[in-house]
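Numbered from 1 within each chain, the chains take letters A, B, ... in sequence-line order.
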2 protein chains.
Amino acid sequence: MKDVARVAKVSLSTASLALNGKPGVTQKTKEHIISIAKELNYKPNSSARSLRVSKTKMIGLIIPDIVNNFYGVIVEYVRKEVESYGYFLLLGITGSNSANEEKYINEFITRGVDGVIYIPQLKHSDIRYVEQFDECKIPYLFLTARYEELDVPYVLCDLKKGFYEMTKHLLEQGLTEIYVMVGDKKVDQPYISGFYEACREFGICPDETVIVESSFEFEAIQEVADEIFFKGPQAIMTISDIMACGVMQQARKRGIRIPEELSVTGYDDVIYSIINHIPISTVMQPIKEMCVIAVNNLMNIMKYGIVPPSVILEPKLVLRETTRD
Amino acid sequence: MKDVARVAKVSLSTASLALNGKPGVTQKTKEHIISIAKELNYKPNSSARSLRVSKTKMIGLIIPDIVNNFYGVIVEYVRKEVESYGYFLLLGITGSNSANEEKYINEFITRGVDGVIYIPQLKHSDIRYVEQFDECKIPYLFLTARYEELDVPYVLCDLKKGFYEMTKHLLEQGLTEIYVMVGDKKVDQPYISGFYEACREFGICPDETVIVESSFEFEAIQEVADEIFFKGPQAIMTISDIMACGVMQQARKRGIRIPEELSVTGYDDVIYSIINHIPISTVMQPIKEMCVIAVNNLMNIMKYGIVPPSVILEPKLVLRETTRD
DNA sequence: GTGAAAGCGCTAACAA
DNA sequence: TTGTTAGCGCTTTCAC
């Protein structure tokens, strides 16, 4: 910038004002300076600017896993929204590992992000990590999750309700032998509650054995599916579209016809449910809306310090071909 | 840091040395300083450091699309590798849009990344954008692509060879009515060349009508598939696993049995080919290897200024259930 | 409307 | 081994 100022024969401060489009410079000198800057191929140094103004124009986003399409979509929407505000997105991918979550929290603080959108997988024991953001006065909010013990704004979709609706739909079709495949009974409690609530309304009360856990490894899903098949299920509900894919593949190996002999449902309504050879019935989370609201709310905290109310969005059934009509 | 130094009763520079683990400080004072820093919850300011040392410890990665699993996997491997060197990954997602590519090139320069890994989709007319990196002396290399007119190191997988092998495999099974679905005939020339080379070896020379273009929209793929079905194909080869999914879904709608009546092949060997109800035969790109080599090569340029030779890796056929044995 | 100068937090050369 | 100091590139207050 020094060079630009020198060549344009103005002072450093005038150059700065002009290049940042701030008032206090004649239209003519401004244009002159800008043209010189272009000529010299001037590129501002954002480290210097950040140091000076204590703002980096960066927003951090912490997600568990980028390979999963669900988070890929989130990244895309958050990025678009964040950039529309003139910010740049910094991505932290934790692999659902608490230590990594802490690592990225620190990384973001050190790099000086102006705000953070956080999809936590933090165990309750490690929850205090996030308070670092409070100490450093960095605005943040949770996306797709919340912790009752923490007074942090969040935006998420009502998982329990989605699972409740899907269960109800299956029950209404007269299906009773329903099994539920989850990742972790504790973590996935909302889905399980939704399931039991619907059952209760239909006057049935399946015991705990219908809830089965599986890791998210594709082979593991298939093995667990096999175990369920053994019990003669009429329907297998899962908590993610990719799980549903695993169940269906195994069903094919066993010659079980879908949906005639077995209904299978996913959750999230991401690409896996759409591209599968037999499109999968699932529960839609309004991902785009969640992301837009999250970014807008964060911006409000950043700009005006007002903390907007947390929001819980409605899920929606998407019935395709793995359930009967 | 000033506070840390004051509380520890040492000078700023001593604190700096200690906190950065540099020699020139007694073990004892060092530990003392570090403990004080922890107590005060000191977090270094990387803007200041970057400004001072003209290094940001950030690597930029430019990709076309994060929703696509192929790039998601790349991000994951590149991130892991980059972080093992103590760097932080900055992501630029262009949506295959030249203007966005330029935007991120500038963004990365302004933010001062120390190096860039670039998956370009740049039209040849816009190719000069990348020379900005040269002007700013920022090391960079291409991943999954190269431009003959540019003397920039690259690492990629031999697309032509992969398609050649798959075509040969199909031909060996006696299939002759083979159609090829590409995105853009120009861009996807390597695949097409591989196809024709294999055909030539088998003494056949299909005319140009067997090569059909489709956008990557899922509905578009299905429509194009329908058009091909009309011509009575024995096999449809595609250039991506997700395209193969689209073809297969449409085949199901038309009651065409796979692989008995129709062989379908994908490309890349990413998650879509694995989780599909009928697992898809495809061509594997050694993504992990590509990423590791790319990062290592970039580091070598950054550290020693030596430009390692570009590399072209071998693809591998992965035969699953959408082709006959 | 324009310029001079201070200082953001840190590192590194040099002095002690 | 430790301390003093200059300066990285930029913004912003204040004087002119």
key: Crowding at CG, B:Asp151 (>12 non-hydrogen neighbours, <6.0 Å)   =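 No, because the 6.0 Å sphere around CG of B:Asp151 holds 12 heavy atoms or fewer from other groups.
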inquiry  = Atom NZ of residue position A:Lys43 - does it have more than 12 heavy atoms of other residues, nucleotides or ligands inside 6.0 Å?
reply    =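 More than 12 within 6.0 Å, yes.
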Could you check how far [atom1] of [X] sits from [atom2] of [N], rounded to whole Å?
| X | N | atom1 | atom2 | value |
| --- | --- | --- | --- | --- |
| B:Glu31 | D:dT1 | CD | P | 15 Å |
| B:Lys55 | C:dG9 | NZ | P | 23 Å |
| B:Ile33 | D:dT1 | CD1 | P | 13 Å |
| A:Leu17 | C:dG1 | CG | C1' | 10 Å |
| A:Asp3 | D:dC10 | CG | C1' | 14 Å |
| A:Lys57 | D:dC10 | NZ | P | 18 Å |
| A:Met1 | D:dT11 | CE | C1' | 8 Å |
| B:Arg49 | D:dC10 | CZ | P | 21 Å |

ask   = So, A:Lys103 and A:Glu107, do they make that salt bridge, N to O below 4.0 Å?
value =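 A salt bridge is absent here (no side-chain N lies under 4.0 Å from a carboxylate O).
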message = Less than 4.0 angstrom from a charged side-chain N to a carboxylate O is my criterion; do B:Glu83 and B:Arg79 meet it?
response =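 Yes, this pair counts.
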Look at [X] and [N] and indicate whether a side-chain polar atom (N or O) is within less than 4.0 Å of OP1 or OP2.
| X | N | result |
| --- | --- | --- |
| B:Asn20 | C:dT11 | yes |
| B:Ser13 | D:dG3 | no |
| B:Thr14 | D:dT2 | no |
| A:Thr29 | C:dT2 | yes |
| A:Thr26 | C:dT2 | yes |

task = Go through C:dG3, C:dG9, C:dT11 for me and flag the one nearest to the A:Val10 side chain.
result =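 Closest nucleotide to the A:Val10 side chain: C:dG3.
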query = Counting side-chain heavy atoms from CB outward, which of C:dT11, C:dC10, D:dT11 is closest to B:Val53?
reply =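 For the B:Val53 side chain, the nearest candidate turns out to be C:dT11.
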key: Proximity of B:Tyr140 and B:Tyr118 rings by center, below 6.0 Å   =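 They do not qualify: ring centres at least 6.0 Å apart.
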query = What nucleic acid atoms does B:Lys22 come within less than 4.0 Å of, heavy atoms only: base, sugar-phosphate, or nothing?
reply =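 Sugar-phosphate, no base atom in range.
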